[in-house]
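Please read through the structure below; I'll follow up with questions.
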2 protein chains.
Amino acid sequence: MIGEFYMNYLDYLPILKKLNAVEREELLNAAFTRKFGKGELLHNGNNDCTGLIIVLFGQLRAYTSSYDGREITLYRLFERDTCLFSASCMLNNLQFDITVSAEKDSEVLVIPSEVYKKIMEASAPLSNYTNEIMASRFSDVMWLMDQIMWKSFDKRLAEFLITESGVEESDTLIITHEVIGNHLGSPREVVTRMLKYFVNEKFITLSRGKIQIIDKKGLRKIAEI
Amino acid sequence: MIGEFYMNYLDYLPILKKLNAVEREELLNAAFTRKFGKGELLHNGNNDCTGLIIVLFGQLRAYTSSYDGREITLYRLFERDTCLFSASCMLNNLQFDITVSAEKDSEVLVIPSEVYKKIMEASAPLSNYTNEIMASRFSDVMWLMDQIMWKSFDKRLAEFLITESGVEESDTLIITHEVIGNHLGSPREVVTRMLKYFVNEKFITLSRGKIQIIDKKGLRKIAEI
């Protein structure tokens, strides 16, 4: 049973190879899989401490919100990515709340926090691995901070459309202006205004709940990527 | 020699207690102190990899800059604080550049990156300690992100003046509008305009290179703290 499980998930969690047999068995015995439908919350703030989550398939979104419900996407998680902050209670000194929701139907592997924490405290490889995940998410957030601080909104929106088109593998994006606003931390009206500017520039066409990219090169030029 | 050094710095680096004797000796043998004058750079971007820095006395500032030289303060480090990103090369997946400079004349203890990294890779306590520092800085940056995204500039400036008055232990702040702008990531003109509003509201008075706080309660009310 464990053998099979191990073989299946080794691909998703290569750190398992560096643990000793006892640690590995304890970790895998505690691990379980869970499915989340599109839109479902996996993690909500600091009090919620599900555990370390590894995406088996699907797509997750980590974001932070204002007290009045505005949102900004911090990073997205795809297959094989690891969500550390869903196990935030096991990290001392971590004092911020993020929310993680499923952007698509997803299945994840969950390693409960208390088991992960116990092994991490004694295992240098697991602790160093945790360091690497955190450094990676920290880099995502610092990148975002640079964007917010120094990049104008037209550039950010153009870049978002190109990224989204890559993620969806399509030039037709089924997305509302409000959802885009929640990704970028901007009011819906600001998104709508800039999209209309992109229409005028013939980069995109708009129809209800849909954005059609017609000049990706033009968007890239705006985005400076 | 090491014994004395150990006694002196144990206070600043309590993690030493959790290392074994060999690790502790290696770490302390490699450590050295360095002085930085006010304004001097301790660390500049990802290519610079001095080592882990512990503030013995003084005050450091970590910030990020735009390509055209604008700045925003990420966090400040005071006595006993540890600067992790001055040892960024030892953290895999860390892909962002910060600058650290001395805000006051400072003396720091430096643990060279290669020694720290070597011990961290084998030592769960040191690796977990590194995790804690990173989580703490990550929390600082997430707090800042929330401020930038959801808090209006009058609140941020009022809060900055109150914090600064606490740090300096004085209601007279010797600081230019440009330096405040570099802390908050805002152009000088925006700072000047808001300070003038604070003058009108009788929270402060302004004179050349100096801000006098005359109504801290009023500022606190604006800052909502």
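Predicted model, so just to flag it, every value in this text is computed and none were measured. Naming convention: chains lettered A, B, ... in sequence-line order (proteins, then strands); numbering from 1 in each chain.
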- Between B:N92, B:N131, B:T64, which shows the greatest number of heavy-atom pairs under 4.5 Å with chain A?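 With the most close heavy-atom pairs to chain A, the winner is B:N131.
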
- Which of residues 155-163 of chain A have a heavy atom under 4.5 Å from any heavy atom of chain B? none

- Task: Output the distance between atom CZ (A:R137) and atom CE (B:M134), rounded to the nearest 0.5 Å.
- Result: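 Going from CZ on A:R137 over to CE on B:M134, the span is 12.0 Å.
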
- Task: Check whether B:F85 gets within reach of chain A through its side chain, its backbone, both or neither, counting any heavy atom under 4.5 Å.
- Result: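 The side chain, not the backbone.
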
- Can you name the residues of residues 68-84 of chain B that have some heavy atom under 4.5 Å away from a heavy atom in chain A?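 Heavy-atom contacts from residues 68-84 of chain B to chain A are B:R70, B:E71, B:I72, B:L74.
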
- Task: Taking all non-hydrogen atoms of both residues into account, name the closest pair between B:A124 and A:S127 and its distance.
- Result: O-OG, 4.2 Å

- Task: Assess whether atom OH of B:Y197 is packed by more than 12 heavy atoms of other residues, nucleotides or ligands within 6.0 Å.
- Result: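 No, the 6.0 Å shell around OH holds no more than 12 heavy atoms from other groups.
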
- Task: Side chain from CB out, backbone as N, CA, C, O: work out which of these in A:S123 comes under 4.5 Å of a heavy atom of chain B, or both, or neither.
- Result: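 Contact with chain B: backbone only.
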
- Item | Inter-chain contacts: residues 138-150 of chain B against chain A, heavy atoms under 4.5 Å |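 Residues in range: B:F138, B:S139, B:V141, B:M142, B:L144, B:M145, B:D146, B:I148, B:M149, B:W150.
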
- Message: More than 12 heavy atoms of other residues, nucleotides or ligands under 6.0 Å from NZ of A:K104: yes or no?
- Response: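 Atom NZ in A:K104 is crowded, with more than 12 foreign heavy atoms closer than 6.0 Å.
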
- Task: Without swapping roles, check the side chain of A:N93 against the backbone of B:E132 for a donor-acceptor pair under 3.5 Å.
- Result: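 A pair under 3.5 Å: yes.
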
- Item | chain A contact via B:T130 - side chain, backbone, both or neither, heavy atoms under 4.5 Å |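 Looking at B:T130, backbone and side chain both touch chain A.
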
- Within 6.0 Å of NZ in B:K151, more than 12 heavy atoms from elsewhere: yes

- Rounded to the nearest 0.5 Å, how far does CE of B:M120 lie from CG of A:N128?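 Answer rounded to 0.5 Å: 4.5 Å.
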
- Task: Select all residues of residues 179-187 of chain B having any heavy atom within less than 4.5 Å of some heavy atom of chain A, and report them by number, or 'none'.
- Result: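 Within residues 179-187 of chain B, the residues under 4.5 Å from chain A are B:L184, B:G185.
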
